[in-house]
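Shown next, in structure tokens, is the structure this report addresses.
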Amino acid sequence: MYLFNTLTKKKEHFVPLEDDLVRVYVCGVTVYDDGHLGHARSAVVFDVLRRYLIFKGFRVTYVKNYTDIDDKIINRALKENRPWTEIVTQYIEAYARDMHRLKVSKPDVEPRATEHMPEIIDMIAQLVEKGFAYQINGDVYYEVGAYKGYGRLSGRKEEELLAGARVEVDERKKNPMDFALWKASKPGEPGWESPWGSGRPGWHIECSAMSIRHLGRTFDIHGGGRDLVFPHHENEVAQSCAYTGQEFARYWVHNGFVTIDDEKMSKSLGNFFTIKEIFEKSNWKDSVTGETLRYFLLSTHYRSDLNFSDKALSEAKSAVDNLYDLFRRLEESDSTFKGDNDQALERPLKEFEKQFEGAMDDDLNTPRAIAEFQRLRGEINKLLSAGLSNQAKKKAMGSFLKFGAPLGLWQVATKDWEFSPFTVKLSVADSGTVELEESIVIEKGEPSDEWVEQQIQRRREARERKDFAEADKIRKEVESKGVKLEDRPDGTTRWKR
RNA sequence: GGCGCCGUACCCAAGUGGCUAAGGGAGCAGUCUGCAAAACUGCGAUUCAGCGGUUCGAACCCGCUCGGCGCCUCCA
């Protein structure tokens with residue numbers, strides 16, 4: 001398998017440090033607000049990386065942190081006049097819920113900064129001791145000039161950084177690029193006792209401390225959004241390598257942004273909206289919304305930017321609907337089965353498997369992998385109309401399930417799939433804020449299955465006595481409630497929401 | 001200002017030196033159907049922002065131009 005490594009700026013053959021064990025650390029979120037679609041993308045991308053590694057037969061230790069102490073958390077607590085711990089608890093729960101709805105598997109370890117204070121303090125102390133950091137009035141700074149490899153990850157030279165520096169000038173720093181490892185706490189702020197007085201860790205040190213603690217001094221993959229490359233990951237590399245004297249993460253993997261009107265989704269632009277919002281305003285049940293979002297998020301290569309819109313989402317939904325339509329037919333036993341094309345199924349399945357792995361092995365090319373699924377859909381549809389035994393259909397369905405697993409797709413029970421179109425409208429208001437406007441016509445869970453079955457029975461009787469006007473009237477009535485009827489060749493009728 | 005990414009059909013999106021430029025969505029036409037849906041078949045880029053160069057050969061390599069975006073500040 002090949003992965004694009006930000007460190008070397010090229011695709012590299014991925015080989016873990018220790019035979020079949022892959023150690024992965026992914027930067028999680030700072031828990032001071034609800035997660036937005038950008039967070040969803042990062043989470044899904046690395047979830048797929050993890051799933052695919054397991055699919056390939058690796059064992060994976062997957063660590064994803066929560067940053068649970070930070071200026072933004074303190075500010076939010078101050079603003080809302082609540083304890084900061086309450087903010088943290090609330091948003092960790094919210095994030096966990098989002099992840100669950102997106103079908104992102106739970107990491108093996110979910111460390112929190114506040115639970116690693118001894119390691120963090122010890123690491124800073126040693127950096128000071130080794131001459132890579134210095135203390136000023138209770139603050140501790142990392143001295144960029146003392147480490148020769150600074151800028152390696154982000155591809156910057158120190159002079160360039162200085163030339164373009166927009167960093168707030170702090171006269172006390174030896175170099176404007178020096179960054180805080182430890183921040184002295186002001187009265188009333190949360191603080192932990194340390195050799196430099198009461199304070200809290202800087203943003204970057206926690207990830208170094210937690211990754212080293214849970215994965216060792218050198219581990220395989222470190223991931224996160226592209227915006228973390230500089231300064232966050234650059235700083236992590238600097239402080240970690242200075243601390244351990246050895247290599248830190250071997251492969252750095254970064255995902256592209258989610259954009260709105262081709263601009264990065266971000267808090268400051270106000271063009272973001274939350275994962276929670278999409279689920280709550282969607283007219284589908286969570287499993288269907290989650291699947292649609294996953295499909296959408298994986299339909300573009302992870303390193304490219306991905307533009308979000310209501311149109312893009314409904315296109316994704318249509319594409320997934322067509323797959324589930326096939327799944328339903330694969331699961332129906334067909335009493336009119338005639339031909340025998342079971343043998344003809346072998347070749348497309350084999351070819352698909354080969355292409356799927358080829359795509360995924362090539363730097364996690366999920367758009368290509370998805371295209372292969374679509375191609376297979378066409379092949380199987382053809383065979384299906386020619387006639388496939390129930391056993392062959394089961395086998396075909398098995399392939400979708402098996403190869404969909406690494407993407408986290410096709411796992412919704414077909415009876416739970418909802419075929420109704422997307423009815424949530426996304427709009428960017430003049431103010432620059434993004435809103436989801438609801439235009440839901442159909443209540444969730446309505447009408448009842450029993451009612452639909454009754455109408456189908458009524459319609460069948462009408463059709464039998466050739467009263468097509470009545471039959472069409474019933475169809476219209478049922479459709480007005482969001483249910484579509486499909487007559488099958490054997491005279492039975494299937495229906496879908 | 002420094003560094004970097006991107007520009008492929010109506011929309012989304014693979015492909016990055018050589019078979020007919022994947023796949024999806026939308027559209028149109030046809031087959032099937034009492035009607036419909038689904039499915040299937042056909043149609044759709046002589047062309048990959050533009051110009052120039054390298055090469056036997058380029059969407060893919062190089063240069064310039066135009067357009068869009070990102071990082072350099074908290075950010076997935």
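Letters A, B, ... mirror the listed sequences (proteins, then strands); counts begin at 1.
Under 4.0 Å is where a charged nitrogen must lie from a carboxylate oxygen, and between Lys103(A) and Glu291(A) at least one such pair does. Salt-bridge check for Glu332(A) with Arg488(A): passed, with a basic side-chain N closer than 4.0 Å to an acidic carboxylate O. The existence of a salt bridge linking Glu189(A) and Arg200(A) is confirmed by a sub-4.0 Å separation between a basic side-chain nitrogen and an acidic carboxylate oxygen. With respect to the salt-bridge test (charged N to carboxylate O, under 4.0 angstrom), the residues Asp363(A) and Lys10(A) do not qualify. A salt bridge between Asp487(A) and Arg475(A) is present, with a side-chain N of the basic residue lying under 4.0 Å from a carboxylate O of the acidic one. Taking 4.0 Å as the cut-off between side-chain N and carboxylate O, Lys276(A) and Asp98(A) do not count as a salt-bridged pair.
Only the C1' atoms considered, C3(B) is 35 Å distant from G57(B), to the nearest whole Å. On the P atoms, U73(B) is 28 Å away from G63(B), given to the nearest whole Å. A gap of 12 Å separates the C1' atoms of U8(B) and A22(B), to the nearest Å.
Taking side-chain N and O atoms only, Ser299(A) has no distance below 4.0 Å to OP1 or OP2 of A13(B). At A13(B), none of the side-chain N or O atoms of Asn307(A) fall inside 4.0 Å of OP1 or OP2 (strictly under the cut-off). A sub-4.0 Å separation between OP1 or OP2 of U41(B) and a side-chain N or O of Lys382(A) is present. Residue Asn381(A) has a polar side-chain atom (N or O) positioned under 4.0 Å from OP1 or OP2 of C40(B). Phosphate proximity of A13(B) to Asn365(A): absent, as no side-chain N or O sits under 4.0 Å from OP1 or OP2. Distances shorter than 4.0 Å separate some side-chain N or O of Arg377(A) from OP1 or OP2 on A39(B).
Under a 3.5 Å cut-off, the side chain of Glu236(A) and the backbone N or O of His204(A) do not form any donor-acceptor pair.
Across all strands, Gly378(A) comes closer than 4.0 Å only to sugar-phosphate atoms, never to a base (heavy-atom distances). Among the atoms of the strands shown, none is found under 4.0 Å from any heavy atom of Phe373(A). Among the protein residues, Asp262(A) comes within range of the sugar-phosphate backbone only, with heavy atoms under 4.0 Å from sugar or phosphate atoms but none that close to a base. At a threshold of 4.0 angstrom between heavy atoms, the contacts of Ala312(A) with the nucleic acid are absent.
Straight-line distance from the NZ atom of Lys72(A) to the C1' atom of U73(B): 11 Å, rounded to whole Å. Computed from coordinates, the Glu486(A) CD to A38(B) P distance equals 7 Å when rounded to whole Å. Taking atom CG of Asp227(A) as the reference point, atom C1' of C5(B) lies 14 Å away to the nearest angstrom. Put simply, CG on Asp33(A) is 11 Å from P on A76(B), counting in whole angstrom units. Rounded to whole Å, the distance from NE2 on His254(A) to P on A76(B) is 12 Å.
With distances taken from any side-chain atom of Lys264(A) to the nucleotides G70(B), G23(B), A13(B), the minimum falls on G70(B).
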For nucleotides 29-35 of chain B, which of its nitrogen or oxygen atoms have a protein nitrogen or oxygen under 3.5 Å away, and what is each distance?
{"from": "G34(B)", "atom 1": "O6", "to": "Arg459(A)", "atom 2": "NH2", "distance (Å)": "3.2"}
{"from": "G34(B)", "atom 1": "O6", "to": "Arg463(A)", "atom 2": "NE", "distance (Å)": "3.3"}
{"from": "G34(B)", "atom 1": "N1", "to": "Asp472(A)", "atom 2": "OD1", "distance (Å)": "2.9"}
{"from": "G34(B)", "atom 1": "N2", "to": "Asp472(A)", "atom 2": "OD1", "distance (Å)": "2.9"}
{"from": "G34(B)", "atom 1": "N2", "to": "Asp472(A)", "atom 2": "OD2", "distance (Å)": "2.5"}
{"from": "C35(B)", "atom 1": "O2", "to": "Asp472(A)", "atom 2": "OD1", "distance (Å)": "3.4"}
{"from": "C35(B)", "atom 1": "O2", "to": "Arg475(A)", "atom 2": "NE", "distance (Å)": "3.4"}
{"from": "C35(B)", "atom 1": "N3", "to": "Arg475(A)", "atom 2": "NH2", "distance (Å)": "2.8"}
{"from": "C35(B)", "atom 1": "N4", "to": "Arg475(A)", "atom 2": "NH2", "distance (Å)": "3.4"}
{"from": "C35(B)", "atom 1": "N4", "to": "Asp487(A)", "atom 2": "OD2", "distance (Å)": "2.3"}

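A donor N or O paired with an acceptor N or O is not found under 3.5 Å between the base of G24(B) and the side-chain atoms of Gln374(A).
The side-chain contact (heavy atoms from CB on, under 4.5 Å) check on Thr414(A) picks up Tyr324(A), Phe327(A), Arg328(A), Glu331(A), with sequence neighbours excluded.
Ring geometry for Phe272(A) against His36(A) counts as tilted: the plane angle lies between 30° and 60°, on a 0 to 90° scale.
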RNA chain B in dot-bracket form (Watson-Crick or G-U pairs under 3.5 Å, [ ] crossing, | inter-strand) is ((((((((.[[[..)..(....]]].(((((.......))))).....[[[[[..)....]]]]])))))))....
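Of the inter-residue distances, the one linking Lys481(A) atom NZ with Ser420(A) atom OG reads 15.0 Å to the nearest 0.5 angstrom.
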